[in-house]
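Throughout, protein chains are lettered first and strands after them, A, B, ... in sequence-line order, and every chain is numbered starting at 1.
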Amino acid sequence: MSPDALVGRGTRQLPVIAWLVLIWVLLWGSFSWANVLSGLVAAVVVTVAFPLPGVTEHARFRPLAVLSFLGFFLRDLAVSSVQVAWAAARPGPPVRSAVIVVELRTDSDLLLTLIAETLSLVPGSMVLDIDRMHRTMLVHVLPVTDEADVERQRADVLVVEERVVRAFGSSREIAALDGPDGPPAEAAADDAGRNR
Amino acid sequence: MTVLLLFHFGAGLVAPLLVRWWGRQAFLALALVPAAGLGWALSRLPTALDGGEVRERFPWVTALELEVVLRLDALALVFAALVTGVGALVLVYCSRYVEPGDEDTGRLAGQLTAFAGAMLGLVLADDVFLLYVFWELTTVFSYLLIGGSGAKVAGRRAAGQALILTTAGGLAMLVGLIMLAQASGSTLLSEIVADPGSGAMVVTGTVLVLLGALTKSAMVPFHFWLPAAMQAPTPVSAYLHAAAMVKAGIYLVARLAPGLADVPGWRAVVLGVGVTTMLVGGYRALRQHDLKLLLAFGTVSQLGFVLTLVGAGSAAVGAAGLAMVLAHGLFKSTLFLSVGVIDHATGTRDMRELSGMGRRLPVVTAAAVLASASMAGLPPFIGFVGKEAAFTALWDGALPDRTAATVVLVGIVVGSVFTVAYTARFLWGAFARKPGLPDTAPADLEHEPGPLFLTAPVVLALVGLAGGLAASSLDPLVAAYAETLPQLLPEPEHLALWHGLTPALGLSALTLAAGVALFLARAPVQRLQRRVAVPASADTGYWNVLQGLDRTAVVVTGTTQRGSLPVYLGVILVTVLALPGGLLLARGSWPAEWRLWDNPLQAVTGALVLVAAVLAVRIHQRLAAAVVVGLTGYGLAVLFVLHGAPDLALTQVLIETVTLVAFVLVLRKLPLEIGGHAGPRVRWSRGAVAAGVGVFMGLASAVALAAREARPVSAEYSELAEEAHGKNIVNVTLVDIRAWDTFGELSVVLVAATGVASLVFLRGRAGAVAQAEPEERQRAPRGRRAPRRDWLAASSTLAPRRRSLVLEVVTRLLFHAILVLSVFLLFAGHNAPGGGFAGGLVAGLALVLRYLAGGRYELGAAAPVDPGVLLGLGLLLAGGTGVVGLALGAEVLETAYFEATVPVLGHVTLVTALFFDIGVYLVVVGLVLDVLRSLGAELDRQEEEGEDEDPAEAEVIAR
């Protein structure tokens, strides 16, 4: 990141500033012009005093898809919580878990991060490592009893990926979901099925 | 008088500025300050001659009943004239003594001027505590002036020695002054002298005060600091160590003699020490080759002489003493200044190297000859007048005890013989052309002394001559003081140049002849001196004592501080259990009713905390142990919430997090496992002590809570908070009601942060965290885990294995939001949970995030400031708020309050406490940044560069 890239990027920071003003108003808990204006001042001061590269990349915001993503996310949260709680509390031998390698189709820092965060927030799945170069994630999942479970979990991860990409991804990213141009073949061959 | 003193100190403050503007000419302007003092003192001469006095009095610290009481009477006037007159001339002399390019000129100018003020204050003060303050001020300035820039070891040692000795004496004097004030019932010197009271208190107090006077005036056995102090520049020696500061002890003795001379022990101490000092100083002066050292020992000798006279408690002797005070101030500073000129011109003060200077520097030589004549007691100089008066008085037996008078007379006659001898030696050594020694220096002198350079010695020498010629007109002034002393002779004596053919004249002739003989026989005398010289001296004794003290300190520290943290902690905790714990069991009044919890959740939280505590003892991995200890802290935060204290809980959580981060940063440098020397028995006993302390603390708080009888102060806090226009009582307490406490804590934080940094930064001084150089930005390969593009400013410099896609992206997304949260907490704190402390911690955590995600260069990019600047700025802002409050007419740190209705924004209120809070905020951010910089970035750097972490010993000392 050269210093030149840090300056003169005012317009690209607009979404960030809007986001910060929203946080500010929410923190104060009431909407008033005084709050909005002071929030604007705070946001501009903070972003100017601590410059960072722009965020938006080529991300989009598709309201319907976002709503759908949030809905599914909340449902997963509830269902998995019950499942994991039961798995932890039920009588019998300890739950078996697995670490699976999932090969993703998206190729964006931001989206990969969002996917990883979503997976980690839902109980029962936890991202251990991300290989950015090969677009693969190492995910710890539970409960797992047999190979079929592994495949089911892998599919679940890919479903999460699809929801995130459809909510926030660019049209190229969405196209990549269905497209054949996946990750390099040898990496996929190496990692496929590496589980325990 | 007060204005005059303030004038001096103000001039001292601006002196460095003047020197920057005008160079060394600034001294000429500064000389006007003491000159004004001299003019003022002389204008009060008629009052003093009538035996009257000028007084000023006003309250100073009313809470301690301290007052500023100044008065000018005959005695004070003599000293004040000496101090201001010599001070002005020395400043003029300085304007040519220093070279235009000298570095320390501003410091010298400021300290000399301020010293003149302190000295003037000392002789004018009538209140003993005010006197003491000025007394110690002169000590401090003397320390600074002797030490100079601190570059020379000898200078530092001499300065430290003078400081230790005179301060030790000063402390004894303070105790003595308090005792005298108690005994007489007044803190005013004039009233103590008028009615000192009686009893053991007075005797002890007198002895202690004398101790202070004796150290200050370099009396045996404390005399050795004065020759060592000759490390100071010559004008300083001339002023402080001849005319002014060393006269402080003389002044005090002269001041107290009218009232205390008859206290048992006074005369024995004063006369004994005085005469001894006169002899020892004179004898040692005969052996010196350095002109300045010769004069220094001569000063010691003369001070002994003067002390003997002014402390004798007799009108006739005291009058002689006061004349000698003037005489000595005049001739000794002339001689010092002359030596300065010689030193300046030739670069040496060693009489074995100087030859033929008399013809080369005729004006200086003339001045020095005049002053020497006064010193040796030749007519018609003032030195002769003083000495004649002393001889006459003692010959006539002007002491209560005839034998004592005779012994003292013999002592000072012998001392005067020495004086004549070393005076001759000085003149010969400085100016004579010595056979077998080539003329010093090249044909044209390095520095031809100009008229301004010569003004001071010449004027002082001429005043010495005039004082002698006009002795009878000096008499009324001296008599005005002498009248306050016991009149032990049938009729008062008068100062005069010619008394006729008296026994005293005979004694003068005798001393002169014997002294000259002693000088002429200098070769055999010196051989004899060398043969009988004892290897021990008071000076080596002093250093031996200091060394012994150091050694004892090392031994004590080495035996008690073994460096084992478990032992330290164990001792502290066992003491807690034994003393307050025992007291609790024995005397505690147990609560009548026990309530285990208000809310079952408290019990649950408590149980979790207990589990964490037990785990902390059992876990062997450091990192895990730190996390578990952190859990107990978070549990405490939950308890705060349950108790309805969200503000405390917020702070606790933040603090716990920052602490955890600091722990982790440090622990990564330590072995993974906790060292396993301790066997099970040791572990069990440690566990027992820990559990015991825990139980004790719980019981103690229960007992303390139940024991309340008085109405809690906090009952009024809600009203007070409203008064301060805040709804958050915790915050209002911090920034308003108990702002002083907060201010003190901020200072502690600052010290702690500096301490941490100094432990880690072994090399060089700390500054801002380093930023990445362009080449370093490209250095590291990306690796598999790194994000494709740059999300942070400098994370690309990280090693590939340390990079993390999620951490970098999330940091980018959250960093600004966290900062906004911290700003919100800062502003909301006055009315809602939050405040500068919490806000600062949140901002600090944002920086922690940046550092963890992007490494040390990321930290440098995120906060390109020196944490010290933040800390200092924060403290300044907090303190400044207090001062502003004062300026607005409120109490220090009291909150002021503005409100207004602004279009669009609506009702706006501004509380000055906000600025105090911003100060707190800055200090906390500075602290976190300092910890990150030291324990994070600097340790990273040392590891990366494989730096040897043990700096050379010399470096440690240099720091």
Side-chain angles (χ1 to χ4, degrees), chain A residues 1-3 5-6 13 16-17 19-29 32-39 41-55 57-58 107-117 119-120 127-138 187, chain B residues 771-772 774 777-778 782-797 800 803-828 831-832 834 843 846-847 850 854 857-858 861-865 902-908:
Chain A
M1 190 74 215
S2 70
L6 291 173
Q13 296 283 16
V16 173
I17 288 179
W19 162 242
L20 293 178
V21 172
L22 178 68
I23 291 178
W24 179 266
V25 172
L26 287 177
L27 281 172
W28 283 103
S32 73
W33 282 113
N35 277 350
V36 171
L37 288 179
S38 56
V41 171
V44 168
V45 165
V46 160
T47 44
V48 169
F50 299 91
L52 280 176
V55 192
E57 218 181 19
H58 297 292
D107 190 29
S108 141
D109 289 341
L110 185 63
L111 294 179
L112 282 172
T113 304
L114 285 177
I115 295 164
E117 289 292 341
L119 289 171
S120 296
V127 176
L128 302 179
D129 193 14
I130 300 174
D131 188 332
R132 180 68 186 85
M133 205 179 272
H134 303 124
R135 294 189 264 174
T136 54
M137 271 185 196
L138 210 58
Chain B
Q771 303 216 29
R777 290 174 185 279
Q778 306 304 331
R782 255 163 202 277
R784 308 186 290 122
R785 292 196 182 86
R788 176 97 9 119
R789 50 169 289 231
D790 284 321
W791 290 89
L792 296 175
S795 56
S796 57
T797 58
R803 299 200 64 175
S804 157
L805 167 74
V806 173
L807 194 51
E808 287 184 31
V809 175
V810 168
T811 301
R812 170 63 189 92
L813 293 180
L814 290 185
F815 179 70
H816 287 143
I818 299 177
L819 284 184
V820 165
L821 173 65
S822 88
V823 175
F824 163 77
L825 287 174
L826 169 64
F827 281 92
N831 294 318
L847 294 176
R850 285 284 290 273
Y857 288 126
E858 183 67 32
V865 286
V902 183
V904 183
L905 297 182
H907 197 66
V908 176

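With a 4.5 angstrom heavy-atom cutoff, B:L821 touches chain A via backbone and side-chain atoms both. Both the backbone and the side chain of A:W28 come within less than 4.5 Å of a heavy atom of chain B. Heavy atoms closer than 4.5 Å to chain B are found in the side chain of A:I23, but not in its backbone. Contact annotation for B:A862: only backbone heavy atoms (N, CA, C, O) come within less than 4.5 Å of a heavy atom of chain A.
B:V820 and A:W24 make their closest contact through CG1-CE3, 3.6 Å (heavy atoms, listed as atom of the first residue, atom of the second, distance). Considering all non-hydrogen atoms of both residues, B:A793 and A:P53 come closest at N-CD, 4.3 Å.
Checking side-chain atoms of B:H816 against main-chain N and O of A:F50 turns up a donor-acceptor pair under 3.5 Å.
In this structure, CG on A:L20 lies 9.0 Å from CG on B:L819, to the nearest 0.5 angstrom. From B:F827, atom CZ reaches atom CG of A:L27 across 13.5 Å, with rounding to the nearest 0.5 Å.
Among B:V823, B:L825, B:L805, the residue making the largest number of heavy-atom pairs under 4.5 Å with chain A is B:L805.
With a 4.5 Å cut-off on side-chain heavy atoms, A:L52 and B:R850 count as touching. Looking at B:V806 and A:I130, their side chains come closer than 4.5 Å, going by heavy atoms from C-beta outward. Side-chain contact check for B:R812 versus A:V16: some heavy-atom pair is nearer than 4.5 Å. No side-chain heavy atom of A:V46 sits under 4.5 Å from any side-chain heavy atom of B:F815.
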- [ ] Kindly determine whether A:L110 and B:L813 satisfy side-chain contact (heavy atoms from CB on, under 4.5 Å), including the steps that lead there.
- [x] CA-CA 10 Å; A:L110 185 63; B:L813 293 180; 4.1 Å; yes

